[in-house]
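What follows is a short report on a single structure.
Chain letters run A, B, ... following the sequence lines, proteins first and then strands; every chain starts at 1.
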Amino acid sequence: MTQISLTFPDGNARSYDAGVTPAEVAASIASSLAKKAISATVDGQHWDLAWPIEADAQIAINTLKDNDAEALELIRHDCAHIMARAVQEIWPDVKVTIGPVIDHGWYYDFDRAEPFTPEDLGLIEKKMKEIINKRDPVRTEVWDRDVAIKYYEDRGEPYKVELIDSIPGNEPLRMYWHGEWQDLCRGPHLQHTGQVPADAFKLMSVAGAYWRGDSDRAMLQRIYGVAFKNKEDLKKHLNMLEEAAKRDHRKLGNEMDLFHMQPEAPGQVFWHPNGWTVYTELQDYMRRKQRAGGYVEVNTPQVVDRKLWEQSGHWDKYQENMFIVEVDEEHAREKAVNALKPMNCPCHVQIFNQGMKSYRDLPLRMAEFGSCARYEPSGALHGIMRVRGFTQDDGHIFCTDDQITAETKTFIDFLSDIYGDLGFNDWTIKLSTRPEQRIGSDETWDEMEKALGDACKAAGHDFEILEGEGAFYGPKLEFTLTDAIGRNWQCGTLQVDANLPERLDAKFIGEDGGKHRPVMLHRATLGSFERFIGILIEEHAGKLPFWLAPRQVVVAAIVSDADDYVLEVVEALKAVGVRAEADLRNEKINYKVREHSVGKVPVILAVGMKEVEQRTVSTRRLGNKQTQVQSLDEIVSILHTEATPPDMR
RNA sequence: GCUGCUGUAGCUCAGUGGUAGAGCGCGUCAUUGGUAAUGACGAGGUCGGGAGUUCAAUUCUCCCCAGCAGCACCA
């Protein structure tokens with residue numbers, strides 16, 4: 001028998017027969033370790049305790065207690081299997097498919113004629129606990145392909161047969177047995193079902209999901225679950241979800257009276273005075289930043305003849321997402337087909353094309369707060385984050401090939417500065433590279449991708465590469481924000497495009513006196529005001545930075561004899577540009593404080609006779625129970641500073 | 001778009017085969033109260049829209065619309 005040498009994390013090596021399993025290795029060290037062991041890490045690879053090791057290797061035995069990542073992966077993966085087993089024990093006709101581990105838990109897709117109900121989830125959960133309590137051993141076997149296919153065909157599991165077909169021929173087919181129930185699975189798994197903590201998982205929801213993610217194929221039922229190492233972690237996670245629900249922009253938008261939406265205009269926002277204040281404040285800020293950044297601002301039509309869209313290629317490639325406006329003779333005595341613009345780029349090229357441009361005009365940075373309409377699929381709509389009518393802080397930089405890197409770097413700096421001002425320091429860049437379906441030569445793609453990567457490096461930012469995710473005409477950078485509860489949102493973008501200038505015949509006169517094509521950089525910093533404001537609301541849980549807060553100060557009278565002074569304070573604040581309002585209602589100060597706190601007003605100034613006599617105010621900041629007496633002059637000066645946008649301080 | 005669920009007062013929600021209820025909000029009156037809800041009274045609803053079953057539908061069935069979760073989509 002060949003001997004192999006296994007090296008442990010402490011540096012000690014031991015010799016074993018080839019083909020030894022980590023379970024045997026653990027047992028050779030201590031029986032308690034053999035019991036506690038959940039898996040091994042062999043040469044960096046997560047390894048089932050039952051898989052044989054054939055060659056010298058680094059080995060570490062993992063336990064539930066000491067190895068977080070491995071433990072969670074195994075718990076969640078075993079939960080997926082246990083749930084599938086539970087489902088098939090309750091409803092033997094249900095067909096199983098796949099059940100991977102995801103963030104916080106797992107899901108498993110089933111094919112069943114009847115929908116799973118919330119009550120069913122309870123049943124399944126109960127059955128899962130029974131299975132866990134049985135402490136059924138988990139066994140693994142490697143099967144021949146033909147045997148496995150025959151097995152699944154006999155059992156009426158077509159999805160599994162299809163899965164086997166898609167597994168490369170040289171990969172072993174592993175069958176996992178959890179007691180008498182088995183599943184085709186890559187592994188690894190726990191030693192027995194009892195290693196899953198029975199009180200640290202929860203089934204969360206059922207939803208439809210396409211088989212193999214393909215909308216042309218069967219819709220399956222997906223059950224989602226979350227699982228952790230212990231009850232406390234589960235509880236923490238559920239609390240986090242509750243907190244997240246509280247800062248949902250749709251809920252806060254209503255509570256703070258920012259906007260509403262209604263069925264007559266699905267996916268479009270009715271901005272209320274409060275919400276529009278945030279919007280315009282943000283827009284004013286962006287306008288100043290763009291001016292300072294060397295952009296010229298333009299504005300272009302909403303309704304544009306289909307001819308332009310045919311020329312730009314949108315009519316062909318994007319039509320199902322466009323609002324088409326047909327005018328007919330019956331109501332207008334003439335016929336025309338237009339579309340609401342789904343993007344601004346073709347219109348910007350029209351402006352570029354007016355007059356003759358010289359290389360001296362480049363780079364030409366053109367910006368528009370461009371209102372766009374896109375017919376997004378109904379199921380994609382989500383509050384003000386994914387809408388059908390929105391305004392981009394759009395911009396197109398017309399430049400030469402060798403200006404791409406510099407312009408991109410300048411943009412990254414520009415964006416970085418703005419995100420910082422708006423309170424976001426945690427954001428990432430993704431570089432999407434050439435997709436399979438594309439135009440342009442490989443050399444051009446090489447150059448464009450390199451230009452973007454070089455720009456990121458020059459701006460001092462790391463980036464992640466999304467292979468094949470670029471647009472058909474060029475690579476792009478995506479700037480993704482992480483909000484306070486860890487969700488990612490793509491906001492900013494920069495895309496290189498040599499296609500549209502070609503299609504719309506944009507040109508400039510070069511140094512050589514000849515005509516040349518400019519390249520276009522499509523770029524947006526916020527992305528859209530709608531989405532960005534939604535993110536701002538959630539990031540700050542409604543407590544927007546003072547300069548963006550729709551209602552900044554309420555001056556509340558404690559007794560009506562203070563009313564005149566309250567009005568004087570309000571006027572003094574308004575005079576320095578602070579959004580202040582008086583609350584002279586016949587209500588107790590407790591009531592007023594509560595109401596304005598709930599309404600997320602950042603500053604409440606309470607004023608009674610004491611303040612009137614001393615010409616002071618009693619300042620209370622949102623989220624802070626303490627109050628502070630300040631002179632009128634002092635508070636006016638402080639709030640004046642705070643109300644000033646960051647770029648003007 | 002697909003699967004499932006939901007739609008009752010401005011908001012959050014209860015309820016019923018015999019045309020509806022709470023709390024908050026709103027209005028009126030009393031109360032002038034010192035930092036998260038003063039009290040009393042009152043107004044307010046074609047029970048998302050349409051059709052069907054029924055003596056009778058907000059309630060049951062079907063269709064449509066919108067929302068929610070997820071999937072697909074986001075060149």
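- Under the Watson-Crick or G-U wobble criterion, with both distances below 3.5 Å, B:A56 has no partner in any strand shown.
- Partner assigned to B:G1 is B:C71, using Watson-Crick or G-U wobble distances below 3.5 angstrom.
- Under the Watson-Crick or G-U wobble criterion, with both distances below 3.5 Å, B:U6 is paired with B:A66.
- Note: A:F424 and A:F532 meet the aromatic proximity criterion, with ring centroids under 6.0 Å apart.
- One interatomic measurement links the two molecules: CZ of A:R594 to P of B:U38, which rounds to 9 Å at whole-angstrom precision.
- Remark: A:Q268 CD to A:M261 CE distance equals 8.0 Å, nearest 0.5 Å.
- Remark: C1' of B:G33 and NZ of A:K592 are 10 Å apart, rounded to the nearest angstrom.
- Across all strands shown, A:M609 has heavy atoms under 4.0 Å from base atoms, whether or not it also approaches the sugar-phosphate.
- If you check the side chains of A:T619 and A:Q628, you find no donor sitting under 3.5 Å from an acceptor.
- Going from atom CG of A:D120 over to atom C1' of B:C5 covers 14 Å, rounded to whole Å.
- Straight-line distance from the CG atom of A:L622 to the C1' atom of B:U35: 13 Å, rounded to whole Å.
- Remark: B:C13 base-pairs with B:G21; criterion is Watson-Crick or G-U wobble with both hydrogen-bond distances under 3.5 Å.
- A:K610 comes within 4.0 angstrom of a base, heavy atoms only.
- The aromatic ring centres of A:F110 and A:F116 sit less than 6.0 Å apart.
- Counting to the nearest Å, the P atom of B:C5 and the CD atom of A:E119 are 11 Å from each other.
- B:G34 is unpaired under the Watson-Crick or G-U wobble criterion, no partner having all donor-acceptor distances under 3.5 Å.
- For RNA chain B, the neighbouring residues in residues 554-562 of chain A, judged by any heavy atom under 4.0 Å, are A:I558, A:V559, A:S560.
- Counted by atom type alone, A:Y210 and A:D109 present zero donor-acceptor pairs between their side chains at under 3.5 Å.
- Positionally, the nearest nucleotide of RNA chain B for A:N254 lies more toward the 5' end than for the other of A:N254 and A:V598.
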* Verdict with reasoning, A:F270 to A:H260, per ring-ring contact (aromatic ring centres under 6.0 Å, His included) -> CA-CA 5 Å; A:F270 291 80; A:H260 85 272; 4.5 Å; yes

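- Checked against B:U35, B:C26, B:G34, the side chain of A:R585 finds its nearest nucleotide in B:C26.
- Here CG of A:L521 is found 12.0 Å from SG of A:C345. Values are rounded to the nearest 0.5 Å.
- Across every strand in view, B:G42 sits in a pair with B:C26 that passes the Watson-Crick or G-U test at under 3.5 angstrom.
- Side-chain atoms of A:H348 and A:E368 form a donor-acceptor pair, as typed in the model, at a separation below 3.5 Å.
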* Once each nucleotide of nucleotides 66-73 of chain B is scored for protein heavy atoms under 4.0 Å, what B/S/- sequence comes out, 5' to 3'? -> SSSSBBBB

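- In this structure, A:F110 places its CZ atom 16 Å from C1' of B:G4, rounding to the nearest Å.
- We find that CZ of A:R112 is positioned 12 Å from P of B:G4, with the value rounded to whole Å.
- The partner of B:U61 is B:A51, by the rule that a Watson-Crick or G-U pair needs both atom distances under 3.5 Å.
- With salt bridges taken as basic N to acidic carboxylate O contacts below 4.0 Å, none links A:R523 and A:D394.
- If you check every strand for non-hydrogen atoms under 4.0 Å, A:E611 touches a base.
- Looking at heavy-atom distances under 4.0 Å, A:E587 makes contact with a base.
- For the residue pair A:T391 / A:S371, a side-chain donor-acceptor distance below 3.5 Å is found, with atom types taken as modelled.
- Residue contacts for A:Y591: at a heavy-atom cut-off of 4.0 Å it reaches the sugar-phosphate backbone alone, with no base atom in range.
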